> 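Questions regarding the structure given below will be posed in turn.
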Amino acid sequence: MLRTKTCGEARASDAGHEITLAGWVHRRRDHGELTFIDLRDRYGITQVVAHAKENAAAHAALKDARSEWVLQVSGTVRARPEGTRNSKLATGDVEVVAGRVTVLNESKTPPFYVNEETEVEETLRWKYRYIDLRRERSKELMRLRHEVTNFMRSYFVERGFWEIETTMLIRSDPTGARDFVVPSRYYPGKVWALPQSPQQLKQILMVGGIDKYVQIARCFRDEDPRADRIYELTQLDVEMTFVEPEDVMEIVEGCYTAVFDKFAKKPLHRRPLPRMTYDEAMKRFGTDRPDTRFGLELVDLTDVFRGTSFGVFRDSIAEGGSIRALVVPGKADATRKDIDGWTAVAKTRGAKGLVSFAFAGSEVRSPIAKFLSAEELGRLRSVSGAKDGDLVLAVAAEYRVASRSIGEVRRQLGAELRLVDGSTHHAMWIHRFPMFERELDGRWSRRQRARRREHPHLQPCDAGARVRDPRHLQGGGRGPLQRAPRRIGVRRAAGGRHRHRRGPDRDDPGRPIERPRDDRVPQDADGVRPVARRAGPDRSKAARGSRPARRREAGPAVDLAV
RNA sequence: GGUCCCGUGGUGCAGCGGCCUAGCAUACGUCCCUGUCAAGGACGAGAUCGCCGGUUCGAAUCCGGUCGGGACCGCCA
């Protein structure tokens with residue numbers, strides 16, 4: 001071994017012992033005849049000292065060393081003189097008096113700071129990944145990710161799950177994201193697909209009787225990247241047989257809350273985790289990932305303006321649209337600039353415009369006031385609950401567009417007006433997502449991939465219930481949805497229950513799912529339907545997506561609000 | 001496929017028609033210094049302002065193009 005201790009290890013009790021350290025020069029403090037060096041490795045930092053009159057060779061070596069050189073230092077551990085201890089370092093009570101210093105490698109001046117936490121452009125950090133990894137933050141993220149992953153694996157293994165690796169080179173699945181593709185040398189002209197998730201593969205395990213499976217699985221999706229999205233991501237993938245949805249939610253929630261207890265800096269707001277349906281989330285917050293850390297809930301003004309003479313609202317309602325709005329307390333004095341800004345925000349989600357109503361005394365200031373009757377304005381006030389001095393912002397559009405637009409404005413206002421209570425994590429389940437969605441023009445899609453929000457093999461909730469129109473079926477759950485302070489709502493997991501029987505039975509909502517009246521039949525994924533004839537049991541799944549580790553930082557599997 | 005933003009010494013930022021011979025901090029180099037820990041002090045080197053073209057008496061600054069980066073929409077079962 002080139003070292004007998006790490007740079008994070010020496011303590012006062014080691015005083016008098018001879019040790020050897022190896023590490024990088026973190027910092028050097030040169031006082032002339034007295035020179036200090038902070039030597040760094042993965043475990044910490046230890047101060048090394050040399051004096052010209054006591055050990056000229058060692059002193060010269062420390063003096064010549066530069067940032068990020070790799071040194072091996074042998075010397076004696078000594079308690080630091082009274083008053084010179086450094087409480088910021090774990091090893092701060094001692095120092096190593098350099099005896100022999102060996103330069104293991106010299107280094108050019110690094111392209112960016114290793115010893116300071118300043119922001120550095122990401123492309124540069126990636127170019128010099130090996131240097132970036134030496135920095136405290138990068139290193140801590142690596143450690144955290146390791147610990148969380150390890151914890152989750154143990155959690156499931158202790159509960160009887162088998163961790164099983166599934167194949168990476170598979171056939172393409174027509175559903176979902178675009179596949180990454182690998183050319184096959186053996187079958188010229190053909191390609192392998194990389195899994196978007198272990199979906200089909202784990203189902204085979206279930207049908208094969210491996211009734212509790214877990215995997216920390218790598219997934220590949222060839223979609224356009226975003227800030228929190230990348231081609232390659234890791235998910236905790238779970239599937240169980242002979243269980244009910246509640247069983248899966250319980251075990252996933254158990255894991256999730258345990259991870260928070262162990263690693264998060266802030267507590268969960270509530271447990272058990274609250275549950276909210278997709279419909280409720282859209283109605284109250286205008287998004288399927290609501291930020292519940294502040295109020296400012298949406299109100300629906302469609303009925304207020306039914307029969308209005310204001311053309312835009314009237315036409316929109318006549319076309320089946322809705323008027324969705326927010327009451328912003330005390331903002332009647334908002335400037336034109338403010339309102340233009342919020343209008344721009346609403347437009348990012350498809351709104352054509354944003355109408356404001358400022359309630360100031362008996363007066364209602366609004367660009368469309370002249371189109372409205374006193375009665376309408378009165379109803380607007382009572383239905384919205386706006387008080388004197390409040391501002392109402394409204395969007396008219398198809399229900400989803402209007403909701404999402406005004407929901408986005410709500411999100412913006414939450415940040416802008418500092419309404420967010422960031423003292424806890426608001427994690428929650430959002431469930432009963434619609435299995436099909438209308439196009440924005442209100443018609444059901446005729447496209448091959450339909451407006452299918454869920455996996456085609458998902459079993460709807462209310463299985464067995466007689467459903468008049470399969471397109472109204474609600475699917476599985478999403479959640480827990482985590483609210484982290486600087487991230488707006490991150491889908492943390494998704495899951496559902498699969499259809500497992502063929503369904504000639506009209507009461508089985510499984511069958512019509514594939515044949516919504518004016519939708520084309522999606523191609524079934526290879527292999528899944530055939531195995532249903534081989535007595536597959538029920539299957540319930542959950543996939544807990546890690547935040548697709550940002551390209552830049554090997555982020556933790558769970559965003560822990562660092 | 002689309003919209004918007006940003007490219008200035010090694011790094012992070014400022015300057016946004018002439019006051020710029022491009023400023024600040026830090027890093028880097030040399031020298032001084034016996035207890036520092038973001039050590040301190042002195043001196044010094046380092047950038048034709050991503051690139052190409054245009055407007056102008058004059059461009060880091062305005063315009064167009066291009067390359068690179070970022071954010072977002074579409075997309076992401």
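None of the values given here were measured: they were computed from a predicted structure. So that the names make sense, note that chain A is the first sequence line, chain B the second, and so on, each numbered from 1.
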> Is D291(A) paired with R410(A) through a side-chain N to carboxylate O contact shorter than 4.0 Å?
no
> What is the distance, rounded to the nearest whole Å, between atom CG of N55(A) and atom P of U34(B)?
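For the pair N55(A) CG and U34(B) P, the rounded distance is 18 Å.
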> Taking the same atom, C1', in G50(B) and in A38(B), what whole-Å distance lies between them?
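So the two C1' atoms sit 32 Å from each other.
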> Less than 4.0 Å between a side-chain N and a carboxylate O, is that true for R11(A) and D93(A)?
no
> In Å and rounded to the nearest 0.5 Å, what is the NE2 to CZ distance from H51(A) to F36(A)?
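Interatomic distance, H51(A) NE2 to F36(A) CZ, rounded to 0.5 Å: 9.5 Å.
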> Taking atom P in both A60(B) and C16(B), what distance in whole Å separates the two?
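Between the two P atoms, the distance is 14 Å.
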> Are F112(A) and U11(B) stacked, counting the six-membered base ring, centres under 5.5 Å, planes under 30°?
no
> By the 4.0 Å heavy-atom rule, please label R135(A) as base, sugar-phosphate, or nothing.
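No contact.
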> Could you tell me how far apart K88(A) (NZ) and A38(B) (C1') are, to the nearest whole angstrom?
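Rounding to the nearest Å, NZ of K88(A) and C1' of A38(B) are 8 Å apart.
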> Tell me the interatomic distance from H59(A), atom NE2, to C33(B), atom P, rounded to whole angstroms.
11 Å
> Would you measure the distance from the P atom in G46(B) across to the matching atom in C32(B) and give it in whole Å?
23 Å
> Nearest-Å distance, CD (E408(A)) to P (U3(B))?
20 Å
> Would you call R411(A)-E408(A) a salt bridge at under 4.0 Å N-O?
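E408(A) and R411(A): salt-bridged.
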> With both distances under 3.5 Å as the test, what is the Watson-Crick or G-U wobble partner of C62(B)?
G54(B)
> Rounding to the closest angstrom, what is the interatomic distance between G65(B) and A45(B) at atom P?
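Comparing P positions in G65(B) and A45(B) gives a spacing of 41 Å.
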> Does the side-chain ring of H31(A) sit on the six-membered ring of the A39(B) base, less than 5.5 Å centre to centre and under 30° in tilt?
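It does: the ring sits over the base of A39(B).
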> Does one side chain, of Q47(A) or R29(A), offer a donor that lies under 3.5 Å from an acceptor on the other?
yes
> At less than 3.5 Å, do the side-chain atoms of E95(A) and the base atoms of G35(B) form a donor-acceptor pair?
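Yes.
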> What is the distance from atom CZ of R324(A) to atom OG of S403(A), rounded to the nearest 0.5 Å?
3.5 Å
> To the nearest angstrom, how far is N115(A) atom CG from G10(B) atom P?
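Those two atoms, CG and P, are 19 Å apart.
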> Taking 4.0 angstrom as the limit, do E136(A) and K139(A) come out as a salt bridge?
yes
> Between C62(B) and G15(B), how many Å separate the two C1' atoms, rounded to a whole number?
16 Å
> Identify the nucleotide, in any strand shown, that forms a Watson-Crick or G-U wobble pair with A25(B), with both distances under 3.5 Å; if there is none, say none.
U11(B)
> OP1 or OP2 of G74(B) sitting under 4.0 Å from any side-chain N/O of R404(A)?
yes
> Looking across every strand, which nucleic acid part, if any, lies under 4.0 Å from D30(A) by heavy atom: base, sugar-phosphate, or nothing?
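D30(A): base contact, heavy atoms under 4.0 Å.
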> Considering only side-chain heavy atoms of R349(A), which listed nucleotide, C72(B), C33(B), U34(B), is closest?
C72(B)
> Measuring to OP1 and OP2 of A39(B), would you say a side-chain N or O of R27(A) lies under 4.0 angstrom away?
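Yes, such a contact exists.
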> Ignoring hydrogens and angles, are the base of C37(B) and the side chain of R80(A) linked by a donor-acceptor pair under 3.5 Å?
yes
> Does the side chain of S67(A) get closer than 4.0 angstrom to OP1 or OP2 of C28(B) through an N or O atom?
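Yes, S67(A) has a side-chain N/O under 4.0 Å of OP1/OP2 on C28(B).
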> Using the C1' atom as the point on both nucleotides, what is the distance between C52(B) and C67(B), in whole Å?
10 Å
> NA contact type, L89(A), heavy-atom cut-off 4.0 Å: base, sugar-phosphate, or nothing?
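Answer is nothing: L89(A) stays at 4.0 Å or more from every strand.
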> Measure from CD on E122(A) to C1' on G69(B) and round the result to the nearest Å.
9 Å
> Using whole Å, report how far CD of E116(A) lies from P of G10(B).
18 Å
> Counting only Watson-Crick pairs (N1-N3 plus N6-O4 or O6-N4) and G-U wobbles (N1-O2, O6-N3), all under 3.5 Å, who is the partner of G40(B)?
C32(B)
> Measuring only the C1' atom in each nucleotide, how far is G18(B) from C33(B)? A whole number of Å is fine.
46 Å
> Tell me which nucleotide, if any, is Watson-Crick or G-U wobble paired with G46(B) when both distances must be under 3.5 Å.
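When the pairing criteria are applied, nothing turns out to pair with G46(B), so the answer is none.
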> Please determine if a side-chain N or O atom of R125(A) lies less than 4.0 Å away from the OP1 or OP2 oxygen of U11(B).
no
> Ion pair present between E68(A) and R134(A), side-chain N to carboxylate O less than 4.0 angstrom?
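Yes, this pair counts.
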> What does G68(B) pair with, Watson-Crick or G-U, if both distances are under 3.5 Å?
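The answer is C6(B), by the H-bond criterion.
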> For T109(A), answer base if it contacts any base atom (sugar-phosphate contacts may also be present), sugar-phosphate if it contacts only those atoms, and nothing otherwise; contact means non-hydrogen atoms under 4.0 Å.
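Sugar-phosphate only.
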> Output yes when at least one side-chain N/O atom of R66(A) is less than 4.0 Å from OP1 or OP2 of G29(B), else no.
yes
> For F36(A) and T123(A), take the nucleotide of RNA chain B holding the closest heavy atom to each; which residue's nucleotide lies nearer the 5' end?
F36(A)
> What interatomic distance, in whole Å, is found between C1' of U61(B) and the corresponding atom of G54(B)?
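About 15 Å, rounded to a whole number of Å.
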> Could you check whether E33(A) gets within reach of a base, just the sugar-phosphate, or nothing at all, counting any heavy atom under 4.0 Å?
base
> If you compare every side-chain N and O of R29(A) against the phosphate oxygens of G40(B) (OP1, OP2), does one of them come in below 4.0 Å?
no
> Return the value, rounded to whole Å, for the distance between atom CD1 of I131(A) and atom C1' of U11(B).
12 Å
> If you assign each of P111(A) and H51(A) to its closest nucleotide in RNA chain B, which residue comes earlier from the 5' end?
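Looking at the nearest nucleotide for each, P111(A) comes out on the 5' side.
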